S.K.: 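Have a look at the structure that comes next, please.
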Amino acid sequence: IISTFSDGGTDYFTRTDDSNIGSGVSLSGPEGSFFFAGQDVDGEGATPPLALELASANTSDFSNLTVKALVAEDDDGSSEDWDDDDYLRLQYSTDGGSTFDNLICFAGDGSNFNSEPGIDSDCDGVRDAGGTSLTDTFTEFTGSISGSPSDVILRVKAQLNSGDEDFAIDNIRLEGTSGDPDPTVQFTSNSNTVGEGDGSTTLTAEISNPDGNEVNVDVALDGGSSADASDIGNYSTQTVTFPSSANDGDTKDVTVNITDD
């Protein structure tokens with residue numbers, strides 16, 4: 001892992017909006033203005049492979065982890081640029097470990113010099129025959145992390161040491177399924193008795209497991225009920241809103257008017 005650099009031309013390993021690298025690099029489809037890119041990464045005194053390590057992510061409450069990234073390569077008029085020892089690998093480590101495993105890999109076709117880079121699904125240094133190629137348009141690639149680690153560190157590792165051997169990567173995301181239960185809303189009582197002459201009655205709804213998002217619930221008259229809507233003020237559906245700041249056990253009341261005694 002080294003500091004980023006750029007000579008303003010074709011030797012770089014840096015975050016860029018195209019202003020600090022060679023004008024001949026042409027890519028399309030990044031998310032926003034900036035992305036990370038590298039070319040001829042042994043320039044400026046660096047010794048490849050070089051690595052960009054992302055901050056650790058707490059994944060203790062998530063399962064089914066996947067990593068997605070947009071990846072491109074400037075073909076510079078010809079897509080046959082990578083030699084057989086060149087590669088780009090998105091890697092990961094878990095639970096504070098020092099070992100990084102390969103996740104999404106790219107390589108040439110193993111024909112020694114100047115081949116078209118593409119997905120290398122088994123990360124053996126040779127692209128898949130007929131697999132997706134890297135082009136000058138950012139394309140999304142996905143990999144899966146097994147198990148349920150409590151934290152994950154992602155790393156971009158590049159071995160590209162000649163002119164026109166380049167890569168660009170953007171919008172790296174770590175996604176998973178939350179282990180927390182979904183919010184639920186229910187009445188605090190299964191039944192409520194009210195006299196015909198009481199004028200109104202109150203139903204109380206309670207939220208459980210709020211997740212920091214606003215929750216809206218409709219309180220409606222069951223279409224299969226024997227109740228006559230005309231006896232309860234021609235009742236129409238009322239929406240109960242629990243704000244994003246709601247706590248477990250918070251309640252909201254719904255008033256039902258009795259109009260026929």
Side-chain angles (χ1 to χ4, degrees), residues 1-54 67-91 102-121 123-143 154-173:
I1 300 173
I2 68 163
S3 299
T4 59
F5 65 85
S6 176
D7 67 353
T10 57
D11 293 347
Y12 55 85
F13 187 76
T14 187
R15 179 175 180 262
T16 182
D17 62 353
D18 285 333
S19 65
N20 58 339
I21 61 177
S23 59
V25 177
S26 179
L27 302 166
S28 62
E31 293 285 341
S33 300
F34 285 86
F35 53 90
F36 197 89
Q39 182 175 179
D40 193 10
V41 299
D42 64 350
E44 308 305 302
T47 302
L50 305 187
L52 168 71
E53 189 171 300
L54 281 67
V67 175
K68 299 178 181 179
L70 297 175
V71 188
E73 182 256 351
D74 176 35
D75 58 23
D76 193 32
S78 171
S79 59
E80 298 179 353
D81 292 328
W82 287 22
D83 299 335
D84 61 0
D85 59 348
D86 295 329
Y87 61 78
L88 174 67
R89 295 170 181 169
L90 185 54
Q91 304 176 316
N102 291 321
L103 184 64
I104 307 173
C105 300
F106 304 91
D109 65 11
S111 60
N112 197 15
F113 295 108
N114 297 332
S115 62
E116 181 180 35
I119 189 71
D120 172 15
S121 58
C123 299
D124 66 350
V126 178
R127 64 163 294 171
D128 299 353
T132 304
S133 298
L134 288 181
T135 70
D136 54 15
T137 299
F138 280 91
T139 301
E140 184 173 88
F141 294 86
T142 302
L154 298 178
R155 183 171 76 176
V156 178
K157 189 175 183 180
Q159 167 72 41
L160 299 161
N161 59 0
S162 298
D164 291 339
E165 295 177 353
D166 68 278
F167 77 93
I169 190 165
D170 192 23
N171 198 19
I172 303 171
R173 293 104 71 204

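For the single chain, residues carry numbers from 1 onward in sequence order. Just so it is clear, the structure is predicted and the values come from calculations on it, not from any experiment.
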S.K.: Atom OG1 in Thr142, atom CZ in Arg173: separation rounded to 0.5 Å?
M.R.: 7.5 Å
S.K.: Might you point out which heavy atoms bring Asp136 and Asp74 nearest each other, and give the distance in Å?
M.R.: CB-CA, 4.3 Å
S.K.: Do Glu73 and Glu116 pass the side chain to side chain contact (heavy atoms under 4.5 Å, CB included) test, and can you show the C-alpha distance, the side-chain angles, and the key distance before you say yes or no?
M.R.: CA-CA 10 Å; Glu73 182 256 351; Glu116 181 180 35; over 6 Å; no
S.K.: Would you give the length of the straight line joining atom NZ of Lys157 to atom CG of Leu103, rounded to the nearest 0.5 angstrom?
M.R.: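 Those atoms lie 14.5 Å apart.
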S.K.: In chain order, what residues pass the side-chain hydrogen bond (donor to acceptor under 3.5 Å, both in side chains) check against Asp85, with sequence neighbours excluded?
M.R.: none
S.K.: Test your reading of the model: is there a side-chain donor-acceptor pair from Ser6 to the backbone of Asn20, 3.5 Å cut-off?
M.R.: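 Checked: pair present.
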S.K.: Between side-chain atoms of residues 23-40 and protein atoms elsewhere (two or more places apart, or another chain), which donor-acceptor pairs fall under 3.5 Å?
M.R.:
{"unit_1": "Ser28", "atom_1": "OG", "unit_2": "Thr137", "atom_2": "OG1", "d": "3.1"}
{"unit_1": "Gln39", "atom_1": "OE1", "unit_2": "Asp164", "atom_2": "N", "d": "2.9"}
{"unit_1": "Gln39", "atom_1": "NE2", "unit_2": "Tyr12", "atom_2": "OH", "d": "3.1"}
{"unit_1": "Asp40", "atom_1": "OD1", "unit_2": "Ser162", "atom_2": "N", "d": "3.2"}

S.K.: CG/Leu160 to CG/Asp86 distance, rounded to the nearest 0.5 angstrom?
M.R.: 5.0 Å
S.K.: Using 0.5 Å steps for rounding, measure from the CG atom of Asn112 to the CG atom of Asp84.
M.R.: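 Rounded to the nearest 0.5 Å, the CG-CG separation comes out at 5.0 Å.
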S.K.: Would you say the side-chain atoms of Asn161 pair up with the backbone N or O of Asp42, donor to acceptor, closer than 3.5 Å?
M.R.: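 Flag not set: sc Asn161 to bb Asp42 has no pair under 3.5 Å.
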S.K.: Which pair of non-hydrogen atoms, one from Ala46 and one from Phe5, has the smallest distance, and what is that distance?
M.R.: CB-CE2, 3.8 Å
S.K.: Nearest heavy-atom pair of Gln159 and Pro49: which atoms, and what distance?
M.R.: OE1-N, 3.4 Å
S.K.: Kindly compute the distance separating CZ (Arg15) from CG (Asp17), expressed to the nearest 0.5 Å.
M.R.: 8.0 Å
S.K.: When you check the side-chain N and O atoms of Asn102 and Gln91, is any donor under 3.5 Å from an acceptor?
M.R.: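 Checked: Asn102/Gln91 side chains pair up, N/O donor to acceptor below 3.5 Å.
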S.K.: Exactly one of Leu134, Asn171, Thr132 should register a side chain to side chain contact (heavy atoms under 4.5 Å, CB included) with Val71. Which one does?
M.R.: Leu134
S.K.: Looking only at non-hydrogen atoms, find the nearest pair between Pro48 and Val41 and report the distance.
M.R.: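 Heavy-atom minimum between the residues: CB-CG2, 3.8 Å.
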S.K.: Can you tell me which residue among Phe141, Trp82, Tyr87, Phe167 is in a ring pair (Phe, Tyr, Trp, His ring centres under 6.0 Å) with Phe106?
M.R.: Phe141
S.K.: Working to the nearest 0.5 Å, report the span between CG of Leu88 and CD1 of Ile169.
M.R.: 6.0 Å
S.K.: What is the minimum heavy-atom distance between Cys105 and Ile119, and which atoms define it?
M.R.: O-CD1, 3.3 Å
S.K.: Do you know the tightest heavy-atom contact between Arg127 and Ala107?
M.R.: CB-O, 3.2 Å
S.K.: Decide side chain to side chain contact (heavy atoms under 4.5 Å, CB included) for Asp75 and Thr135; before the verdict, give the C-alpha distance in whole Å, the side-chain angles of both, and the deciding distance to 0.1 Å.
M.R.: CA-CA 7 Å; Asp75 58 23; Thr135 70; 5.8 Å; no
